[in-house]
K.L.:
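Okay, handing you the structure first.
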Amino acid sequence: HGQQHVLHDSTSRLDHIQKTGILRIGIPGDYAPFAMSKGDSLYGADIKMGRALASAMGVKPVFVKTSWANLAKDMRNDSFDVALGGISITPERAAMASFSVSYHSGGKTFLCRRADSARFSMPDAVNKPGVRLIENKGGTNESVARSLFPAATLQIFPDNIGIFNEIVVGHADVMVTDDTEADLKTLQYPQLCRSFAGTITKSDKAMWIHSDVELVSFVNNWLQKELATGLPQQWLKEGMLPGN
Ligand SMILES: O=C(O)C(=O)Cc1ccccc1
C-alpha cells in the first residue's frame, strides 16, 4: 500500500515500473487455487505467477489487497498496475482496462450438500422459490446468480472463505461458482458435491492490466512464453491439492 505512481505522458507505465523497481499486483486473495491471503502469507497459483512476472520485469512484486466488490474501483484509482487471482474476463471489465491472454478456461457450475446432489442435478432446479442460493459479494458469481436465477432466494456472503461452511451447516443450499473452485471444495469439504457435471457459462481467467501498450505487450509476451512451457498450468495443478 501507499506506493504512488506519478505518470507522465511521455513515460510508459512499464518504464515507470522498471524505474521504481516495483510492480504493484492487486489480489482479492480469497480464491483458491488462484490467490489466497492468510495474514501476511500469500499462496496460490497466481501468487507464483505474479512473482515470476515481476522477476521477468526485473522488479519486486508488491501485492495489494483488494476484494471482488472493490476490484473495479481500485483499478480506476490506480491502486495497482495489474490484478490477478482468478479474475474472469468480462465485457464490463474489458471496457475499463486490458486483459492479458487467458491462462485458464472454465465455467460456472453448482456446489451443494451431497444429500442434495439429485435435487440440483440440472441448472433449472436452482431457479425456484425456496432455493437458498449463496454467493460471495461483488464478483461474477453474484452477477451470474442475479441474472440466471432470479426466482431463487439470494444470500450474499461478504467473502469467499466462510461461505462453504454456510452450505455444510444448512444456512444455504447451493452456490453457483467456477468449476475449478467446485472441484477443489469437494476435496476440502467431504459434505459438499458438484451436482452438475457441465458448466452453464464460460469464465476465462486472465490478468487485468492498466491499458498501457508496453505493459500489456510485455505481460502477454511473457505469459504466452510461460504457457508454452506449461509452468502456469503446473502451478494450477499444485493449487488443486486438497491442502489449498
Ligand atoms: O468476479 C470474478 O471474476 C470471479 O471469478 C469471482 C469469483 C470469486 C470467487 C470464486 C469464484 C468466482
Side-chain angles (χ1 to χ4, degrees), residues 25-38 42-47 49-50 64-76 79-80 82-112 123 126 133-149 154-168 172 174-189 192 194-196 198-209 232 236 239-240 244:
I25 304 174
I27 50 157
D30 63 357
Y31 186 10
F34 298 102
M36 296 288 280
S37 64
K38 244 185 215 159
L42 302 171
Y43 63 96
D46 288 17
I47 300 296
M49 187 162 65
V64 179
K65 184 82 176 67
T66 178
S67 66
W68 298 105
N70 291 333
L71 183 61
K73 176 176 72 72
D74 290 346
M75 171 63 84
R76 216 187 282 286
S79 301
F80 38 71
V82 306
L84 46 72
I87 299 173
S88 299
I89 299 175
T90 67
E92 294 79 12
R93 289 174 181 154
M96 189 188 301
S98 298
F99 276 106
S100 71
V101 296
S102 162
Y103 56 83
H104 176 77
S105 289
K108 301 296 180 193
T109 190
F110 305 98
L111 188 63
C112 66
V126 175
L133 177 60
I134 190 163
E135 302 299 345
N136 54 310
K137 183 179 168 67
T140 54
N141 287 350
E142 179 180 344
S143 54
V144 166
R146 286 189 192 281
S147 64
L148 297 184
F149 306 107
L154 184 60
Q155 300 178 6
I156 299 300
F157 199 77
D159 57 55
N160 193 41
I161 304 290
I163 190 167
F164 310 101
N165 197 52
E166 293 295 291
I167 304 174
V168 170
V174 61
M175 177 185 186
V176 173
T177 192
D178 287 310
D179 50 355
T180 318
E181 174 164 274
D183 291 341
L184 178 58
K185 294 302 155 182
T186 57
L187 298 176
Q188 296 175 342
Y189 296 84
L192 296 181
R194 173 178 173 176
S195 56
F196 178 63
T199 55
I200 53 166
T201 62
K202 209 166 125 55
S203 21
D204 279 357
K205 306 300 187 186
M207 290 196 218
W208 200 29
I209 314 164
L236 267 171
M240 288 300 280
N244 295 299

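We count residues from 1, following the sequence as given. As the structure lists them, so they are numbered: ligands from 1, and atoms in each ligand from 1.
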K.L.:
Are the charged groups of D178 and K205 less than 4.0 angstrom apart, N to O?
P.N.:
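A salt bridge links D178 with K205.
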
K.L.:
Are any non-hydrogen side-chain atoms of L236 and F34 less than 4.5 angstrom apart?
P.N.:
yes

K.L.:
Would you find a donor on one side and an acceptor on the other, under 3.5 Å apart, between the side chain of D30 and the backbone of N160?
P.N.:
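At least one qualifying donor-acceptor pair exists.
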
K.L.:
Taking a 3.5 Å cut-off between nitrogen or oxygen atoms, can you list every pair linking ligand 1 to the protein, with distances?
P.N.:
residue	atom	partner	partner atom	Å
ligand 1	1 (O)	R93	NH1	3.4
ligand 1	1 (O)	R93	NH2	2.8
ligand 1	1 (O)	T140	N	2.8
ligand 1	1 (O)	T140	OG1	3.4
ligand 1	3 (O)	S88	N	2.8
ligand 1	3 (O)	S88	OG	3.3
ligand 1	3 (O)	R93	NH1	2.7
ligand 1	5 (O)	G86	O	3.1
ligand 1	5 (O)	S88	OG	3.3
ligand 1	5 (O)	T140	OG1	3.4
ligand 1	5 (O)	K205	NZ	3.0

K.L.:
Taking the side chain as every heavy atom from C-beta outward, state whether W68 and K137 have any atom pair closer than 4.5 Å.
P.N.:
no

K.L.:
Can you check side-chain hydrogen bond (donor to acceptor under 3.5 Å, both in side chains) on N141 and T177, steps first, answer last?
P.N.:
CA-CA 6 Å; N141 287 350; T177 192; 3.1 Å; yes

K.L.:
With I200, which residues qualify under side chain to side chain contact (heavy atoms under 4.5 Å, CB included), at least two apart?
P.N.:
K108, F110, P123, V144, L148, F149, V176, F196

